[in-house]
Structures are given as structure tokens and as C-alpha cells.
Visitor: 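Take a look at the following structure, please.
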Amino acid sequence: MQVGIIGLGKMGFNLALNLKRNNYQVVAQDVNTDFVSKIGQEGIETAYTVEELCQKLTDRRVIWLMVPAGEIVDGVITSLLPYLSKNDIIIDGGNSNYNDSKRRYAQLKEHGIDFLDCGTSGGTSGALNGACTMIGGDADVFDYVAGVFKDISVENGFLYTGAAGSGHFTKMVHNGIEYGMMQSIAEGFEVFEHSEFDIDFQKTAKLFNHGSVVRSWLMELTGNAFSKDARLDGIKGIMHSSGEGKWTLETALDLGVPTPVIALSIMMRYRSQMSDTFSGKVVAALRNEFGGHAVEKSEL
Ligand SMILES: NC(=O)c1ccc[n+]([C@@H]2O[C@H](COP(=O)([O-])OP(=O)(O)OC[C@H]3O[C@@H](n4cnc5c(N)ncnc54)[C@H](O)[C@@H]3O)[C@@H](O)[C@H]2O)c1
Ligand SMILES: O=C(O)[C@H](O)[C@@H](O)[C@H](O)[C@H](O)COP(=O)(O)O
């Protein structure tokens with residue numbers, strides 16, 4: 001079976017190799033021509049434009065998008081449309097907002113193009129060696145390409161989640177959970193860091209992965225990070241985010257569902273991007289106003 005893949009960054013490149021290893025005839029395209037040449041060196045058929053990609057794929061085309069979420073996905077879909085035929089299938093494997101996926105499903109339906117939204121988890125190693133995929137869209141379209149999801153995922157690592165949007169919705173909530181779990185692990189190690197004991201972080205993370213309640217891949221990655229840099233002195237504690245945690249919180253608020261841990265995890269990420277806070281200044285000033293409590297002066 002042929003699979004076209006658009007977007008050969010951290011995820012798409014590895015996914016293309018995964019597909020090739022599973023005997024798919026992959027045709028790969030990216031706006032970054034260096035990535036296209038590089039994937040070509042791996043023995044994968046390349047395309048430098050979406051037109052060329054579509055020409056190299058026979059009907060019923062299956063095209064997997066692995067590009068940054070947002071307007072880029074809409075741009076790629078628009079650019080593909082003139083070269084597609086009825087019942088071709090577009091799979092968006094990126095971290096798109098599920099509301100965008102519902103909209104794209106409906107828009108593509110009008111053109112007779114099938115659309116599946118696929119939440120893809122497992123990071124870059126998952127993309128290469130076996131991912132976890134959660135897929136929304138029409139059941140018959142899913143059935144047509146179910147083998148692809150089965151082959152690129154770990155054993156039992158793919159699920160048809162239902163109506164259009166539900167794949168990305170499931171991935172969004174997964175990432176909300178991810179935020180909370182990571183924040184919790186981080187806070188535990190911060191307590192260790194400030195304690196009277198000389199805790200070996202790497203050994204402790206490794207220990208926690210042997211029989212403890214909190215054993216997990218994230219704990220394994222925690223151990224890996226400490227094995228490279230025992231106290232993470234080489235990096236700053238600035239935490240960026242791509243949007244999925246925020247969308248989880250927004251959705252929970254719309255549904256009236258309390259998600260305090262996920263909410264605070266997001267707040268901590270935003271806070272980490274500030275060296276000082278205006279709210280801190282206001283509270284310090286107020287304590288000084290009502291109680292004469294000392295404030296720390298900043299350099300003007
Ligand atoms: N990195 C991860 O661990 C991870 C895991 C799961 C899902 N995702 C999601 O997968 C998607 C891709 O992530 P990534 O980490 O590979 O990003 P990336 O930035 O490494 O790669 C994106 C690629 O898309 C290409 N691209 C951008 N615009 C394009 C266009 N118009 N046409 C063709 N190619 C275009 C870029 O050149 C780049 O090579 C994102 O939605 C991301 O959120 C990432
Ligand atoms: O399941 C996964 O493989 C990850 O969740 C993956 O999707 C990615 O690493 C996130 O995009 C990071 O999200 P933030 O940038 O929001 O932390």
C-alpha cells in the first residue's frame with residue numbers, strides 16, 4: 001500500500017521510516033528541501049511539491065499530514081485539493097485542535113475527500129518504533145486504513161475513537177494528563193532538591209521504576225534526564241507549551257468539569273516564562289502598605 005507523508009520534521013521523518021520498515025511505499029514531501037533530500041537518502045520516494053506527491057500516489061490516495069497544528073494544516077489541505085480525487089483520504093496525525101478537525105472533516109466532505117483525525121503519542125521514538133494512535137472519523141474510512149495504524153503502532157496501541165474530532169479530542173485530554181503527571185514528578189524532585197538529604201535523583205527515579213506505584217515512562221525519562229545532567233544545571237526551568245493543555249482546560253471549563261491539577265500545571269508553565277511577576281510586586285506592596293512588612297527593592 002502507498003502512503004504519502006507531508007511534513008518530515010521530528011515526527012514525520014521517523015514516521016516515514018516506520019512506514020517503510022513496515023513495507024509501505026512511502027512518498028514524502030516537506031517545504032524544507034533539506035529534509036526531503038535526507039529522507040531520499042533513506043531510500044524513500046520523495047516529492048518536492050504536493051502536486052508531485054499526488055501524482056506519485058495512485059487512487060485511493062492516503063496522505064498523512066505531520067505538520068505544525070493550526071493554519072499550516074489548513075494551508076496544506078487547500079494546496080492539496082486541486083490534485084485529489086473523490087474518496088482520497090487525508091489523515092492529520094499532528095496535535096490539531098479537535099474543533100478544527102471537526103471543521104476540516106465537514107469541509108473535506110463537501111469535496112468528497114475523506115478525513116481522519118489521528119492523535120499520535122509516544123514522541124519521536126514512538127513515531128519511529130511504534131506509536132500510540134487514536135483515530136476519529138468515519139468508521140468505514142478507518143477500516144480502509146486500519147492496517148496502517150496497526151502497523152505503525154505498538155501492540156494494542158491504536159484505537160478507533162468514533163466520530164470526527166474524537167481522535168484529536170482524546171489526544172488533547174491525554175496531553176492534559178501528561179501536563180499534570182509531569183508537574184507532579186517535577187514537584188516531587190523539587191522537594192528532594194531542597195531537602196536535608198543528599199538524594200541521588202537518577203538512582204531514585206530509576207528505583208521508582210522498579211515496583212513502585214509511580215513507575216512509568218515519564219519516570220524512566222526522568223532518570224534518563226538526570227543521567228545526562230545530575231542536577232539539570234545545564235538547562236533553564238522555562239517550560240513552553242504547544243496548546244493541548246490549554247485546550248483541555250478550556251474544554252473542561254466549558255463542560256463545568258473541575259480540573260485543578262491540569263489548570264495549575266498550565267499556570268506553572270506560564271509562570272516559568274517570567275523572571276519576576278507583577279502580581280508578586282502587588283502582593284509585596286500590599287503587605288508593606290497594611291503591615292509595614294519589608295519589601296525587596298529592585299534595581300531601577
Ligand atoms: N514532537 C513530538 O513529540 C510530537 C508528538 C506527537 C505529535 N506531535 C505533533 O506532530 C506535528 C509535527 O510535530 P513535529 O515535532 O514533527 O514538528 P516539526 O516542527 O519538527 O516538523 C514539522 C515539519 O513540517 C514541515 N512543514 C511546515 N509547513 C509545511 C508545509 N506547508 N508543507 C509541508 N511541510 C511543512 C516543516 O518544514 C517541518 O519539517 C505537530 O502537530 C506536533 O504537535 C509532535
Ligand atoms: O504524546 C506525545 O507524544 C506528546 O504529548 C507529544 O504530543 C508532544 O511532545 C507534545 O506536543 C508536547 O506538548 P507541549 O508542547 O504542550 O508540552
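Residue indices begin at 1 and follow the sequence shown. Values in this document were obtained by computation on a predicted structure and should not be read as measured data.
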Visitor: Please determine whether the number of non-hydrogen atoms from other residues, nucleotides or ligands lying under 6.0 Å from atom CG of D140 exceeds 12.
Guide: yes

Visitor: Would you indicate whether the side-chain heavy atoms of Q25 and V3 approach each other to under 4.5 Å?
Guide: no

Visitor: Tell me whether Y105 is reachable from V141 by hopping between hydrophobic residues (I, L, V, M, F, W, Y) whose side-chain heavy atoms are closer than 4.5 Å.
Guide: no

Visitor: Regarding N14 and N18, is there a side-chain donor-to-acceptor distance under 3.5 Å anywhere?
Guide: no

Visitor: Any carboxylate oxygen within less than 4.0 angstrom of a Lys/Arg side-chain nitrogen, looking at K38 and E42?
Guide: no

Visitor: Can the ring centres of F226 and F189 be said to be less than 6.0 Å apart?
Guide: yes

Visitor: If a pair satisfies side-chain hydrogen bond (donor to acceptor under 3.5 Å, both in side chains) and one of its residues is in residues 231-241, list it, with sequence neighbours excluded.
Guide: E193-R231

Visitor: Of all the heavy-atom pairs spanning S37 and Y48, show the shortest one and how long it is.
Guide: OG-OH, 3.5 Å

Visitor: Go through it in stages, so that I can follow the logic: the residues are R103 and L108, the test is side-chain contact (heavy atoms from CB on, under 4.5 Å), and I'd like the CA-CA distance, side-chain angles, deciding distance and then a yes or no.
Guide: CA-CA 9 Å; R103 171 178 56 77; L108 285 167; over 6 Å; no

Visitor: Between K102 and D100, is there a side-chain N and carboxylate O pair less than 4.0 Å apart?
Guide: no

Visitor: Distance only, no hydrogens: is a donor on one side chain within 3.5 Å (strictly under) of an acceptor on the other, for K228 and N224?
Guide: no

Visitor: Honestly, is R215 close enough over F208, meaning NZ or CZ under 6.0 Å from the six-membered ring centre and within 45° of the axis?
Guide: no

Visitor: Can you tell me if H210 has over 12 outside heavy atoms packed within less than 6.0 Å of its NE2?
Guide: no

Visitor: Indicate whether the side chain of T58 and that of Q2 have a donor and an acceptor atom separated by less than 3.5 Å.
Guide: yes

Visitor: Please determine whether residues I266 and I185 belong to a single hydrophobic cluster, defined as Ile, Leu, Val, Met, Phe, Trp and Tyr linked transitively by side-chain heavy-atom distances below 4.5 Å.
Guide: no

Visitor: Looking at side-chain heavy atoms only, is the closest gap between S79 and E51 below 4.5 Å?
Guide: no

Visitor: Do the side chains of L15 and Y24 join up, straight or via other hydrophobic residues, at under 4.5 Å, putting them in one cluster?
Guide: yes

Visitor: Taking only residues two or more places apart in sequence, or in another chain, which ones meet K109 in a salt bridge (Lys or Arg N to Asp or Glu O under 4.0 Å)?
Guide: D114, D138

Visitor: Please check: side-chain N/O of Y160 versus main-chain N/O of F142, any donor-acceptor pairing under 3.5 Å?
Guide: no

Visitor: Check whether N175 reaches the backbone of E178 with its side chain - one donor and one acceptor, N or O, closer than 3.5 Å.
Guide: no

Visitor: I'd like to know if the side chain of S212 and the backbone of N209 have a donor-acceptor N/O pair within less than 3.5 Å.
Guide: no

Visitor: When you measure from the side chain of T120 to the backbone N and O of G93, does any donor-acceptor pair fall under 3.5 Å?
Guide: yes

Visitor: Answer with yes or no whether the hydrophobic clustering places V295 together with L300; edges join I, L, V, M, F, W, Y residues whose side-chain heavy atoms lie under 4.5 Å apart.
Guide: no

Visitor: Show your reasoning for whether side-chain contact (heavy atoms from CB on, under 4.5 Å) applies to I135 and T170.
Guide: CA-CA 9 Å; I135 308 102; T170 306; over 6 Å; no

Visitor: Which atom names give the shortest non-hydrogen contact between G167 and T161, and what distance separates them?
Guide: N-OG1, 3.2 Å

Visitor: Looking at A164, is its backbone amide N or carbonyl O close enough to the side chain of D117 to form a donor-acceptor pair, meaning the two atoms are under 3.5 Å apart?
Guide: no

Visitor: Find the distance between NZ (K203) and NZ (K206) and round it off to the nearest 0.5 Å.
Guide: 9.0 Å

Visitor: Taking C-beta and beyond as the side chain, do S184 and E187 meet within less than 4.5 Å on heavy atoms?
Guide: no

Visitor: If we ignore hydrogens and angles and just use 3.5 Å, is the side chain of R269 paired with the main-chain N or O of S272 as donor and acceptor?
Guide: no

Visitor: Taking the side chain from R60 and the backbone from N87, do they hold a donor-acceptor pair closer than 3.5 Å?
Guide: yes

Visitor: Going from CH2 on W217 to CG on L221, what distance comes out if it is rounded to the nearest 0.5 angstrom?
Guide: 5.0 Å

Visitor: For a quick test of reading the model, state the closest non-hydrogen atom pair linking V36 to L8 and the distance between them.
Guide: CA-CD1, 4.1 Å

Visitor: Just by distance, do the side chain of D92 and the backbone of C118 share a donor-acceptor pair under 3.5 Å?
Guide: no

Visitor: State, yes or no, whether a side-chain contact exists between L80 and I113 at a heavy-atom distance under 4.5 Å.
Guide: no

Visitor: Would L116 end up clustered with V73 when hydrophobic side chains under 4.5 Å apart are linked, directly or stepwise?
Guide: no

Visitor: Work out which heavy atom in G4 is nearest to a heavy atom in L53; give both atom names and the distance.
Guide: CA-CD1, 4.2 Å

Visitor: Could you tell me which non-hydrogen atom of A205 sits nearest to which non-hydrogen atom of M219, and how far apart they are?
Guide: O-CG, 3.5 Å

Visitor: Are any side-chain N or O atoms of K56 and backbone N or O atoms of T46, one a donor and one an acceptor, separated by less than 3.5 Å?
Guide: yes

Visitor: Under 30°, 30 to 60°, or over 60°: which ring-plane class applies to W64 and F149, parallel, tilted or perpendicular?
Guide: tilted

Visitor: Would you indicate whether the side-chain heavy atoms of F115 and I89 approach each other to under 4.5 Å?
Guide: no

Visitor: Do S265 and M182 come close enough that some side-chain heavy atom pair is under 4.5 Å?
Guide: no

Visitor: Side-chain contact test, heavy atoms from C-beta onward, threshold under 4.5 Å: evaluate it for D30 versus I6 and give yes or no.
Guide: no

Visitor: Is a side-chain N or O of Q273 found less than 3.5 angstrom from the main chain of M239, in a donor-acceptor match?
Guide: yes

Visitor: Answer yes or no: is there an ion pair linking R21 with D151, defined by an N-O contact shorter than 4.0 Å?
Guide: no

Visitor: Return yes if a side-chain donor-acceptor contact under 3.5 Å exists between S85 and R61, otherwise no.
Guide: yes

Visitor: Provide the closest heavy-atom pair for M134 versus S121 in the form atom of the first, atom of the second, distance.
Guide: CE-CB, 4.1 Å

Visitor: Any side-chain heavy-atom pair from I262 and Q183 closer than 4.5 angstrom?
Guide: no

Visitor: Please tell me whether H168 and S101 have a donor and an acceptor in their side chains that are separated by less than 3.5 angstrom.
Guide: yes

